[in-house]
Participant: 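Pasting in a structure now, in structure tokens, and then I'll have a few things to ask.
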Amino acid sequence: MTAPQSPAEPDRPRTRGRWAGLSLAALWLPFPALLWVESYARPEPWLFGFPLFYWYQFAWVFVSSALTWCAYLHTTPGRGAGLR
């Protein structure tokens with residue numbers, strides 16, 4: 001007896017070109033920014049009572065989310081090159 005076959009996935013065009021490259025760069029940007037710890041491993045300046053080490057990393061949570069959202073918009077077929 002053979003295993004049931006799953007339905008074939010629809011053909012989805014892959015995004016290529018300038019937007020794909022920019023989206024890939026946007027997704028990789030947080031990695032070196034957060035892995036280069038010496039650049040932000042200091043107590044000064046303070047923001048709302050928190051040293052730079054903490055608020056720099058917390059700010060990247062929002063920046064990374066925005067970059068991921070933009071990459072999604074630009075690489076998902078049918079979304080075009082921006083908001084609709």
Side-chain angles (χ1 to χ4, degrees):
M1 185 194 259
T2 62
Q5 295 180 351
S6 62
E9 288 191 26
D11 292 332
R12 294 182 185 172
R14 294 190 70 161
T15 303
R16 297 185 189 273
R18 183 177 63 137
W19 288 118
L22 288 174
S23 296
L24 184 63
L27 292 174
W28 279 99
L29 183 64
F31 289 102
L34 289 169
L35 289 176
W36 185 29
V37 179
E38 293 85 22
S39 68
Y40 62 90
R42 56 183 185 264
E44 299 291 329
W46 289 72
L47 181 68
F48 303 117
F50 293 99
L52 173 69
F53 183 78
Y54 293 110
W55 64 260
Y56 179 82
Q57 292 179 53
F58 191 63
W60 272 103
V61 171
F62 299 105
V63 172
S64 298
S65 298
L67 291 172
T68 302
W69 180 67
C70 289
Y72 168 76
L73 286 180
H74 291 297
T75 57
T76 303
R79 289 280 185 178
L83 295 173
R84 291 184 184 190

Participant: Could you tell me which residues satisfy side-chain hydrogen bond (donor to acceptor under 3.5 Å, both in side chains) with Trp28, sequence neighbours excluded, listed by chain and number?
Facilitator: none

Participant: Taking only residues two or more places apart in sequence or in another chain, which ones pass side-chain contact (heavy atoms from CB on, under 4.5 Å) with Pro45?
Facilitator: Leu52, Trp55

Participant: My understanding is that only residues two or more places apart in sequence, or in another chain, count here; which of them pass ring-ring contact (aromatic ring centres under 6.0 Å, His included) with Phe58?
Facilitator: Phe62

Participant: Going by the rule side-chain contact (heavy atoms from CB on, under 4.5 Å), which residues pair with Ala41 if we only count those two or more places apart in sequence or in a different chain?
Facilitator: Val37, Phe53

Participant: Is Leu73 linked to Leu29 within one hydrophobic cluster, defined over Ile, Leu, Val, Met, Phe, Trp and Tyr using a side-chain heavy-atom separation of less than 4.5 Å?
Facilitator: no

Participant: In the hydrophobic clustering that connects Ile, Leu, Val, Met, Phe, Trp and Tyr at side-chain heavy-atom distances below 4.5 Å, which members other than Leu27 occupy its cluster, ordered by chain and number?
Facilitator: none

Participant: Using the test side-chain hydrogen bond (donor to acceptor under 3.5 Å, both in side chains), find all partners of Trp60 that sit at least two apart in sequence or belong to another chain.
Facilitator: Tyr56

Participant: State yes or no: do Phe48 and Val63 share one hydrophobic cluster built from I, L, V, M, F, W and Y residues joined by side-chain heavy-atom distances below 4.5 Å, directly or via other members?
Facilitator: yes

Participant: Please check if atom OH in Tyr40 has more than 12 non-hydrogen atoms from other residues, nucleotides or ligands closer than 6.0 Å.
Facilitator: yes

Participant: Work out which heavy atom in Ala26 is nearest to a heavy atom in Leu67; give both atom names and the distance.
Facilitator: O-CD1, 3.4 Å

Participant: What pairs meet the side-chain hydrogen bond (donor to acceptor under 3.5 Å, both in side chains) rule with one or both residues in residues 41-50, with sequence neighbours excluded?
Facilitator: Glu44-Trp46

